[in-house]
Participant: 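The structure under discussion is supplied below as structure tokens; questions concerning it will follow.
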Number of protein chains: 2
Amino acid sequence: MSLTHALLGLLAVRPSSGYELTRSFEGDLGRYAWQAGHTSIYPELTKLAERGLVEVAHEGARGSRTYAITTEGRAELREWLMAPPRGGRVRNEQVLRMFLISALDPKDALVLLRGIAGHTGERAGELRAIRVETDDVPFTSPEGFGLLAAEYGIRQYDAVHSWALWAIERLEKELDRSRT
Amino acid sequence: MSLTHALLGLLAVRPSSGYELTRSFEGDLGRYAWQAGHTSIYPELTKLAERGLVEVAHEGARGSRTYAITTEGRAELREWLMAPPRGGRVRNEQVLRMFLISALDPKDALVLLRGIAGHTGERAGELRAIRVETDDVPFTSPEGFGLLAAEYGIRQYDAVHSWALWAIERLEKELDRSRT
DNA sequence: TGTTGCATGTAATTCGTTACATGATTCG
DNA sequence: CGAATCATGTAACGAATTACATGCAACA
């Protein structure tokens, strides 16, 4: 289960409460990589604490517990990250949609592809605008996280954008050919 | 649940048995978009048949049932595909790994990023080689599926490749700066 | 005739989500 | 003092995986 390692990763950057971790998953992390609600996070933190990978560093107001990663936790995270990625289960609805486009009739497919091309072009532009502002943030700081995410997102959107344009061109050519 | 629509999409391209559908998920579809084992597929086909979205078109040897999509099934698939993609839950272990790299110490991060750059470069090359051979397959044929997949994969690997190179350069610069 | 591949299924367990539920603090 | 936010939890349900299980057919 990758939630384990997502939490270890977040706690490796800085100690956090379950509540703060929950909000982390609502940002770029959840947008591009992994989602989790508080109902999975709190029990998982308890399990991690039992395994000695994290510990309660501080108890604050309103019953909040700030967790910190332990040395063993860091070792576990490192091992997982450095190991060759085993066949992870991919489950991406967006990508599924793209694959299924060839099951549509060509006219519908064109409409859809044009929508995708427009949408991804816009998003890539938005991210590029953000990037300019955060140019000098060091990589290894807590903000380095968002930096990696933004760059990744830009390239991701660009990739889908160029793919959609390629598919549109190819489809239009085929429609032309079949019309004559 | 997207398994529903993945099955409808596959059956829209050609009628298939549960066994054949299972194997479809082991190919490019499962690699990039959506995975499913036969233990989810068979019950789901039964449900789809009850809802009238698919029907048993043919019963063959060894108890095999070939399912075909119905008109209602096609309508359902089309509606789902053409509707604006609602906030789909992303859950990509590969991407998660990339995000968590900033939690590693810089030396480990460099090793990992170099591995990723190498790996994605290779894969993109492999896919490009395949593409040359299947250049004239029409889009709307059953093979169009794989075509879309291959093109998507190439752009995907290229994107990650370029991202990894960017991250390596940035990290090396930072290590230089901190060394002096 | 024994192994591989085709073809389908059930049962137990795990995982995650949704809905429900509570209480403290801050801010206007 | 009422609303929003912080902060955590439980219970029920649904979906998906793993393990278990069966049987036919082709082929060497």
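Lettering of chains follows the sequences in order, A, B, ..., and the numbering in each one begins at 1. Heavy atoms only: backbone and side chains are in, while hydrogens, waters and symmetry mates are out.
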Participant: Rounded to the nearest angstrom, tell me the gap between atom CD in A/E93 and atom P in D/dA16.
Facilitator: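 Computing the A/E93:CD to D/dA16:P distance gives 12 Å.
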
Participant: Could you please spell out the steps behind the salt bridge (Lys or Arg N to Asp or Glu O under 4.0 Å) verdict for A/D105 and B/R74?
Facilitator: CA-CA 10 Å; A/D105 78 75; B/R74 244 173 237 282; over 6 Å; no

Participant: Do the charged groups of A/R123 and A/D158 touch, with an N to O distance under 4.0 Å?
Facilitator: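 No, A/R123 and A/D158 are not salt-bridged.
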
Participant: Side-chain N or O of B/R23 less than 4.0 angstrom from OP1 or OP2 on C/dC6?
Facilitator: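 B/R23 to C/dC6 OP1/OP2: side-chain N or O found under 4.0 Å.
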
Participant: Starting at NZ of A/K47 and ending at C1' of D/dT8, how long is that distance when rounded to a whole Å?
Facilitator: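 After rounding, the reported distance stands at 17 Å.
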
Participant: Round to the nearest Å and state the distance from A/L3 atom CG to C/dT14 atom P.
Facilitator: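 Those two atoms, CG and P, are 17 Å apart.
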
Participant: Ring of B/W34, cation from A/R97 - is the NZ or CZ under 6.0 Å from the centre and inside 45° of the axis?
Facilitator: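 Relative to the ring axis of B/W34, which defines the angle, A/R97 lies outside at least one limit.
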
Participant: Return the value, rounded to whole Å, for the distance between atom CD1 of A/I41 and atom C1' of D/dA7.
Facilitator: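 Rounded to the whole Å, the gap is 12 Å.
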
Participant: May I ask you to say what A/T39 touches in the nucleic acid, namely base, sugar-phosphate or nothing, with a heavy-atom cut-off under 4.0 Å?
Facilitator: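 The residue A/T39 makes base contact.
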
Participant: Would you indicate what A/S40 reaches in the nucleic acid, counting non-hydrogen atoms under 4.0 angstrom: base, sugar-phosphate, or nothing?
Facilitator: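 It contacts base atoms.
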
Participant: Between A/R114 and A/E172, is there a side-chain N and carboxylate O pair less than 4.0 Å apart?
Facilitator: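 Result for this pair is yes, salt bridge flagged.
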
Participant: Separation of A/R62 atom CZ from C/dT26 atom C1', in whole Å?
Facilitator: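 Taking CZ of A/R62 and C1' of C/dT26, I get 7 Å after rounding.
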
Participant: Starting at CD of A/E20 and ending at C1' of D/dT8, how long is that distance when rounded to a whole Å?
Facilitator: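 The answer, rounded to whole Å, is 14 Å.
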
Participant: Just the rounded figure in Å: distance from C1' of C/dT22 to NE2 of A/H38.
Facilitator: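 Atom NE2 in A/H38 sits about 11 Å away from atom C1' in C/dT22.
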
Participant: Round to the nearest Å and state the distance from B/H58 atom NE2 to C/dA7 atom P.
Facilitator: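 That distance rounds to 10 Å.
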
Participant: Let me know, please, whether A/A61 or A/A36 comes out on the 5' side of the other along DNA chain C by nearest nucleotide.
Facilitator: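 Per heavy-atom nearest nucleotide, the more 5' residue is A/A36.
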
Participant: What's the separation between atom CG in B/L29 and atom OG in B/S24, rounded to the nearest 0.5 Å?
Facilitator: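 Going from the CG atom of B/L29 to the OG atom of B/S24 covers 7.0 Å.
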
Participant: Report yes if at least one side-chain N or O of A/R91 is closer than 4.0 Å to OP1 or OP2 of D/dT17; otherwise report no.
Facilitator: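 Indeed, a polar side-chain atom of A/R91 lies that close.
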
Participant: Determine: side-chain N/O of A/Y19 to OP1/OP2 of D/dC6, distance under 4.0 Å, yes or no.
Facilitator: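 So the side chain of A/Y19 is within the cut-off, an N or O lying under 4.0 Å from OP1 or OP2 of D/dC6.
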
